[in-house]
Amino acid sequence: DLEKLTSENQITWDLLWAVFKLNTLAFNHHSWIQQDRLLLVRRVGYGERMSDRKRYLNVVCDVVHDDGHRFGFARQYIEIDEYRGAVPITDLDVYPLEYRKDKDVLYERAVDLGKTFTQMKPHSYHEIQGQAMRDGKQHVEKFFVSSTRLQMESFLILRERHQDEL
């Protein structure tokens with residue numbers, strides 16, 4: 001039963017889709033850049049890979065992205081491979097923000113960073129530290145300087161401006 005499992009922070013594979021409510025925030029730790037992200041859940045659905053016939057849940061999200069040229073939402077596809085039994089929800093690669101104990105702290109941090117971002121002058125230079133990546137057509141280039149911090153802050157800006165669409 002879904003309520004019993006989620007009250008214990010657990011979920012089974014067959015019920016996994018039910019914890020992701022559309023147009024709500026999800027949490028993901030981006031392993032390449034080692035930063036936490038807030039994502040907006042847009043769609044979920046089960047699938048099967050043709051290459052290895054393994055099943056997965058595809059969580060389709062929007063994330064605020066700023067690559068220095070374009071600012072706005074970018075689509076992210078995160079796959080959760082099939083598993084057996086019940087697992088802790090917070091052990092998944094992506095999961096609803098509501099299951100994090102520190103959800104209020106993360107949300108407030110994102111709001112504060114978003115306010116800072118909106119006060120930046122548009123054509124100015126700012127020092128950014130951390131890892132980054134560029135996803136090339138053939139491979140991922142690793143020249144590591146991070147724009148992910150801007151993704152978290154910027155999400156709230158767009159959310160406030162487009163609240164009626166959410």
Side-chain angles (χ1 to χ4, degrees), residues 1-66 72-114 130-142 144 146-156 158-159 162-163 165-166:
D1 156 69
L2 180 64
E3 281 185 36
K4 182 176 186 235
L5 282 168
T6 56
S7 70
E8 298 170 356
N9 190 36
Q10 300 280 315
I11 195 67
T12 59
W13 169 253
D14 292 336
L15 294 174
L16 180 57
W17 66 272
V19 300
F20 291 98
K21 297 176 182 109
L22 301 184
N23 299 318
T24 61
L25 293 176
F27 174 83
N28 166 254
H29 181 77
H30 195 291
S31 59
W32 289 2
I33 56 177
Q34 294 298 306
Q35 290 191 8
D36 297 337
R37 303 188 301 171
L38 298 181
L39 310 157
L40 186 62
V41 178
R42 293 301 193 184
R43 188 173 62 238
V44 294
Y46 289 104
E48 183 177 303
R49 281 187 213 92
M50 298 300 284
S51 60
D52 58 10
R53 310 296 291 174
K54 290 188 178 182
R55 291 178 32 170
Y56 62 91
L57 181 74
N58 190 25
V59 183
V60 181
C61 301
D62 284 341
V63 62
V64 174
H65 180 72
D66 183 2
F73 283 118
R75 193 59 42 110
Q76 292 279 286
Y77 300 85
I78 302 173
E79 295 178 358
I80 301 173
D81 290 334
E82 184 175 19
Y83 56 86
R84 294 179 187 244
V87 301
I89 293 171
T90 53
D91 284 357
L92 300 169
D93 288 339
V94 61
Y95 56 88
L97 181 63
E98 69 184 270
Y99 292 100
R100 281 197 62 99
K101 290 180 181 175
D102 61 348
K103 64 181 175 262
D104 294 331
V105 172
L106 284 173
Y107 184 82
E108 288 303 316
R109 180 174 176 258
V111 168
D112 289 343
L113 291 171
Q131 300 178 15
M133 62 181 186
R134 179 170 46 209
D135 192 359
K137 297 203 187 263
Q138 302 275 329
H139 63 286
V140 175
E141 297 177 28
K142 298 177 184 175
F144 297 93
S146 183
S147 68
T148 301
R149 178 170 287 191
L150 294 178
Q151 291 174 0
M152 285 185 64
E153 304 122 346
S154 305
F155 169 80
L156 295 166
L158 286 178
R159 183 173 182 206
H162 302 287
Q163 188 66 34
E165 295 174 11
L166 299 179

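Everything numeric in this text was worked out from a predicted model, so none of it was measured.
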* Inter-residue atom distance N28.CG - Q35.CD, 0.5 Å rounding -> 11.5 Å
* Asked: So, does D62 use its side chain to make a donor-acceptor pair with the main chain of L39 at under 3.5 Å?
  -> no
* To do: Please round to the nearest 0.5 Å and tell me the distance separating atom CD1 of I89 and atom CZ of F20.
  => 8.5 Å
* Asked: Does the side chain to side chain contact (heavy atoms under 4.5 Å, CB included) test come out yes or no for F27 and D93, once each step is laid out?
  -> CA-CA 8 Å; F27 174 83; D93 288 339; over 6 Å; no
* Heavy atoms only: give me the nearest R43-Y77 pair and the separation to one decimal. => NH2-CE2, 4.2 Å
* Asked: Run the side chain to side chain contact (heavy atoms under 4.5 Å, CB included) check on R100 and L97 step by step: do they pass?
  -> CA-CA 6 Å; R100 281 197 62 99; L97 181 63; 4.2 Å; yes
* **Side-chain heavy atoms of T6 within contact of V19, under 4.5 Å** => yes
* Structure fact -> The side-chain hydrogen bond (donor to acceptor under 3.5 Å, both in side chains) partners of Y99 (sequence neighbours excluded) come to none
* To do: Assess whether atom CZ of R75 is packed by more than 12 heavy atoms of other residues, nucleotides or ligands within 6.0 Å.
  => yes
* Asked: Do L40 and C61 have side chains that get closer than 4.5 Å, going by heavy atoms?
  -> no
* To do: Return each pair, listed once, that meets side chain to side chain donor-acceptor pair (under 3.5 Å) where at least one residue sits in residues 50-60; pairs must be two or more places apart or across chains.
  => E48-R53
* Take T90 and Y95, measure what side chain to side chain contact (heavy atoms under 4.5 Å, CB included) needs, and give me the verdict at the end. => CA-CA 7 Å; T90 53; Y95 56 88; 3.7 Å; yes
* Between CG of D91 and CD of Q10, what distance do you get to the nearest 0.5 Å? -> 8.5 Å
* To do: Please lay out, stage by stage, how L2 and I11 fare under the test side chain to side chain contact (heavy atoms under 4.5 Å, CB included).
  => CA-CA 8 Å; L2 180 64; I11 195 67; 3.6 Å; yes
* To do: Mind checking side chain to side chain contact (heavy atoms under 4.5 Å, CB included) for K4 and listing every partner two or more places apart, or none if nothing turns up?
  => D1, E8
* To do: Looking only at non-hydrogen atoms, find the nearest pair between V44 and L22 and report the distance.
  => N-CD2, 4.5 Å
* Worked verdict on D81 versus R49 for salt bridge (charged side-chain N to carboxylate O under 4.0 Å, His left out) -> CA-CA 10 Å; D81 290 334; R49 281 187 213 92; 2.4 Å; yes
* Structure fact -> Of all heavy-atom pairs linking W13 and L57, the shortest is CH2-N, 3.2 Å
* Heavy-atom pair with the smallest gap, counting every atom of K21 and V41 -> O-CB, 3.7 Å
* To do: Grab the two heavy atoms, one from V63 and one from Q76, that are nearest each other, plus how far apart they are.
  => CG1-CG, 3.4 Å
* Structure fact -> Rounded to the nearest 0.5 angstrom, the CZ-CZ distance for F73 and R42 is 6.0 Å
* **Pairwise distance CD(E82) to CG(L16) - rounded to 0.5 angstrom** => 10.5 Å
